[in-house]
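Side chains are part of it too, since the values below use all heavy atoms of this structure and drop only hydrogens, waters and symmetry mates. Naming convention: chains lettered A, B, ... in sequence-line order (proteins, then strands); numbering from 1 in each chain.
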Amino acid sequence: MALELFNTLSGKIEPLFASDGHVLRFYCCGPTVYDYGHIGNFRTFLHVDLLRRTARLHGLALHHVMNITDVDDKIIRNAAAAGQPIAEYTTKYERAFFEDMDALNIERPEDIARATENIPGMVSLIERLAAQDIAYKAEDGSWYFRIARFPGYGKLSKKDLHGIEDGARVDLDEYDKDSARDFALWKATKPGEASWETPLGPGRPGWHIECSAMAIKYLGDSFDLHAGGEDLMFPHHENEIAQSEAATHHPFARHWFHVRFLLVEGKKMSKSEGNFFTLRDLLLKGYRASAIRFLLLSVPYRHQLNFTFDGLTESTNAIERLRTFHDRIRTGNWPESISVPHQDSSARPERSEGERPAVAAATSALTETIRKGNADFTAALANDLNTAEARAAIFDVLRAVNTAADHSRLTRFDAEETIALLDKFDSIFAVLNNGEADRDAELTRAALRWAEAEGRMADVSPDVLEKFGSTSLTDAAIDALVAERTQAKKQRNFARADAIRNDLLEKGILLEDSKDGVRWKRK
RNA sequence: GCACCGGUGGCGAAGUGGCUAACGCGCUGGUCUGCAAAACCAGUAUUCAUGGGUUCAAAUCCCAUCCGGUGCUCCA
């Protein structure tokens with residue numbers, strides 16, 4: 001089944017393909033590195049990651065380019081306030097951004113392009129526009145794009161700008177532009193601001209030009225897909241199309257992918273609402289990176305997601321169930337075949353009464369269920385990245401296989417089929433961590449170290465301090481207590497055994513007794 | 001104001017004209033267990049914001065109303 005994706009440009013769901021039949025070439029608008037990334041940012045990058053992984057599942061190779069905007073108004077303002085050179089200031093936040101991307105298991109793009117390292121490309125693009133009189137220099141030395149010269153303007157965001165009369169509502173003198181809608185390509189130097197000496201005159205790039213220049217540099221005049229948050233559709237992406245296509249006379253990106261904004265606790269995320277969260281904020285509150293990833297991916301990208309703490313807890317529990325299942329199937333010793341017929345009441349009722357419901361039939365029914373789950377999983381993702389359905393397909397299999405295992409009806413073959421499916425699931429969702437339960441804990445510890453270094457210990461929840469701080473129990477200490485409890489149980493001293501278990505539980509350590517001994521995990 | 005998106009069980013959410021309305025979390029009861037945990041089983045929406053309409057048939061299409069959100073300006 002072909003991978004289909006909604007295309008903002010056409011307004012339809014269309015097959016996504018590589019124009020060269022092999023490598024999907026795409027561009028994603030990256031962060032402006034003026035602060036720590038918030039969960040809204042990461043919803044977008046997470047879905048671009050989802051797109052990468054799904055495209056790979058469909059056999060596509062990837063050439064993904066992402067920009068880092070490392071010069072703009074906010075950066076200039078914040079760096080000045082911090083008394084730092086711009087480069088020093090942005091380096092810190094760029095590094096933090098990639099740490100966060102790693103924490104969320106977001107794959108790196110093939111190419112990272114920094115605005116400040118691509119000034120010449122932008123200048124030459126503007127020169128190409130100037131040569132056609134589409135770019136013009138205003139009195140203050142800034143360069144603008146003449147929208148009137150690009151007939152397709154508005155085709156992405158479906159805006160009809162004809163109704164907007166130049167100067168009707170806007171005092172043109174203030175802008176020094178020919179038309180109020182014309183946008184800046186190059187901003188003339190202002191005192192104290194970063195500036196580059198160029199043939200255009202001294203100044204710095206406008207916001208939009210960097211993406212055009214860098215996309216064209218790495219991907220060519222035309223490429224397969226362009227991605228970003230929904231807010232970028234207008235004016236950013238609209239302007240990118242205008243300046244790129246006017247300069248190259250070729251269609252820019254063919255497919256446009258926009259991720260919707262999220263709400264936090266039912267409201268728009270904003271600092272004034274007090275519901276503005278960075279990834280680090282959440283880690284310090286004790287939420288797991290994997291749960292954040294899973295929640296952010298669980299609602300399909302074209303829908304508004306209401307991000308809540310309850311939702312994080314839910315995701316944590318759902319992942320825990322998946323991991324428990326994964327471990328069970330991976331570590332279990334499943335028989336080659338089932339020889340003893342089972343007259344289990346919960347066995348799949350076969351219609352053919354007279355033919356004795358052979359166990360082989362039940363086993364093959366399970367194989368079918370697993371394969372159907374596998375097919376459903378792939379189909380759901382191929383259908384405009386429907387992650388909710390993809391999740392459901394996995395849980396359908398989980399239940400069926402657990403049931404079979406409970407009734408000694410799981411064969412090695414079906415177990416392997418299941419593991420293959422889970423591997424596929426995790427190649428997309430990347431929350432199982434290959435059984436490495438400690439990855440989340442390690443990320444939380446890293447966040448703690450960061451909080452210490454940045455003097456933000458006040459943001460750390462007491463819960464996290466207890467579990468991960470210096471006073472928390474070491475693995476060895478837990479093992480010792482578990483051993484003591486096992487001993488107590490042998491002597492049928494259940495009071496002592498339960499006391500140990502309860503004490504550990506209070507410290508966030510959950511014990512599970514099984515045939516193969518005691519397992520524990522940090523909650 | 002104009003434009004757009006959405007309102008489905010306690011919560012999240014899929015489904016967008018036709019099998020008994022997926023799936024997850026939670027809750028209740030059962031099985032298992034010394035007791036738990038994990039797992040499984042059963043129960044948790046006679047109904048899809050509300051009111052009309054179209055149709056043999058609607059959560060799905062149309063109209064109106066209410067509510068939430070978004071864009072039109074920096075924003076993922």
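More than 12 heavy-atom neighbours from other residues, nucleotides or ligands sit within 6.0 angstrom of NZ on A/K521.
B/rC27 and B/rC11 have their P atoms separated by 15 Å, given to the nearest Å. Taking atom P in both B/rA58 and B/rC19, the straight-line distance is 11 Å, to the nearest Å. Rounded to whole Å, the separation between the C1' atoms of B/rG43 and B/rC5 comes to 36 Å. Annotation: B/rC67 and B/rG51 have their C1' atoms spaced 15 Å apart (nearest Å). Remark: the separation of the C1' atoms in B/rA21 and B/rU44 is 15 Å, to the nearest Å. The gap from the P atom of B/rC4 to that of B/rA64 amounts to 12 Å, rounded to the nearest Å.
For A/F252, the ring pair (Phe, Tyr, Trp, His ring centres under 6.0 Å) test picks out A/F223, A/H226, with sequence neighbours left out. Not counting sequence neighbours, the partners of A/Y93 by the ring pair (Phe, Tyr, Trp, His ring centres under 6.0 Å) test are A/Y36, A/Y89. Annotation: ring pair (Phe, Tyr, Trp, His ring centres under 6.0 Å) contacts of A/H255 (sequence neighbours excluded): none.
Aromatic ring centroids of A/H38 and A/F277 lie 6.0 Å or more apart.
Each of B/rC40, B/rA39, B/rG26 was ranked by its minimum atom distance to the side chain of A/N317; first place goes to B/rG26. Out of B/rA36, B/rG34, B/rA22, the shortest distance to the side chain of A/R501 is found at B/rA36. Counting only heavy atoms from C-beta on, A/A318 has its side chain closest to B/rG24 among B/rC40, B/rG24, B/rC35.
Salt bridge annotation for A/R114-A/E94: present, with a cationic side-chain nitrogen under 4.0 angstrom from a carboxylate oxygen. With respect to the salt-bridge test (charged N to carboxylate O, under 4.0 angstrom), the residues A/D73 and A/R204 qualify. Contact check on A/E99 versus A/R280 returns a salt bridge, with a Lys/Arg side-chain nitrogen under 4.0 Å from an Asp/Glu carboxylate oxygen.
Between the side chains of A/T69 and A/E210, a donor-acceptor pair is found at a separation under 3.5 Å. Under 3.5 Å, the side chains of A/K424 and A/N374 contain a donor-acceptor pair of N or O atoms.
Atom-to-atom, CG of A/N502 to P of B/rA37 comes out at 12 Å; the value is rounded to the nearest Å. The CZ-P distance, from A/F377 to B/rC23, rounds to 17 Å in whole Å. Rounded to an integer number of Å, the gap from CZ of A/F307 to C1' of B/rC25 is 15 Å. In this structure, the CZ atom of A/R485 is 12 Å from the P atom of B/rG34, given to the nearest Å. Atom C1' of nucleotide B/rC72 and atom CD1 of A/I147 are separated by 14 Å, given to the nearest angstrom. Between A/R492 atom CZ and B/rU33 atom P the separation is 13 Å, expressed in whole Å. A/L156 places its CG atom 13 Å from the P atom of B/rC72, with the value rounded to the nearest Å. Put simply, CD on A/Q491 is 18 Å from C1' on B/rC35, counting in whole angstrom units.
Residue contacts shown for A/N402 are limited to sugar-phosphate atoms, with no base heavy atom under 4.0 Å away. Nucleic acid contact for A/D73: none, since no nucleic acid atom lies under 4.0 Å from a heavy atom of the residue. A/F395 comes within contact range of the sugar-phosphate backbone alone, with a heavy-atom separation under 4.0 Å but no base atom that close. Looking at heavy-atom distances under 4.0 Å, A/R519 makes no contact with the nucleic acid at all. At a threshold of 4.0 angstrom between heavy atoms, the contacts of A/L398 are confined to the sugar-phosphate backbone, with no base atom among them.
When the side-chain nitrogen and oxygen atoms of A/R323 are compared with OP1 and OP2 of B/rA38, none of them lie within a distance under 4.0 Å.
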Check nucleotides 74-76 of chain B against the protein and report each pair of N or O atoms closer than 3.5 Å, with its distance, or say if there are none.
unit_1, atom_1, unit_2, atom_2, d
B/rC74, O2', A/K74, NZ, 3.1
B/rA76, O5', A/N41, ND2, 2.9
B/rA76, O4', A/N41, ND2, 2.9
B/rA76, O2', A/T44, OG1, 3.2
B/rA76, O2', A/G229, N, 2.6
B/rA76, N7, A/H38, NE2, 3.3
B/rA76, N1, A/L262, N, 3.2
B/rA76, N3, A/G40, O, 2.8

Between the protein and nucleotides 9-14 of chain B, list every N/O to N/O distance that falls short of 3.5 Å.
unit_1, atom_1, unit_2, atom_2, d
B/rA14, O3', A/N386, ND2, 3.1
B/rA14, O2', A/E389, OE2, 2.9

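Summary of the strand contacts: A/D396 and A/D513 both lie near RNA chain B, and taking for each the nucleotide with the nearest heavy atom, the more 5' one is attributed to A/D396.
Consecutive pairing runs in RNA chain B reach the stem threshold at B:1-7 with B:66-72, B:10-12 with B:23-25, B:26-31 with B:39-44, B:49-53 with B:61-65, where a stem means at least three Watson-Crick or G-U wobble pairs with distances under 3.5 Å.
The side-chain heavy atoms of A/R330 and A/D327, taken from C-beta on, include a pair separated by under 4.5 Å.
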Verdict with reasoning, A/K190 to A/D140, per salt bridge (charged side-chain N to carboxylate O under 4.0 Å, His left out)
CA-CA 10 Å; A/K190 287 188 198 141; A/D140 70 342; over 6 Å; no
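A cation-pi arrangement is found for A/R302 relative to A/F6, the charged atom lying closer than 6.0 Å to the ring centre and inside a 45° cone about the ring normal.
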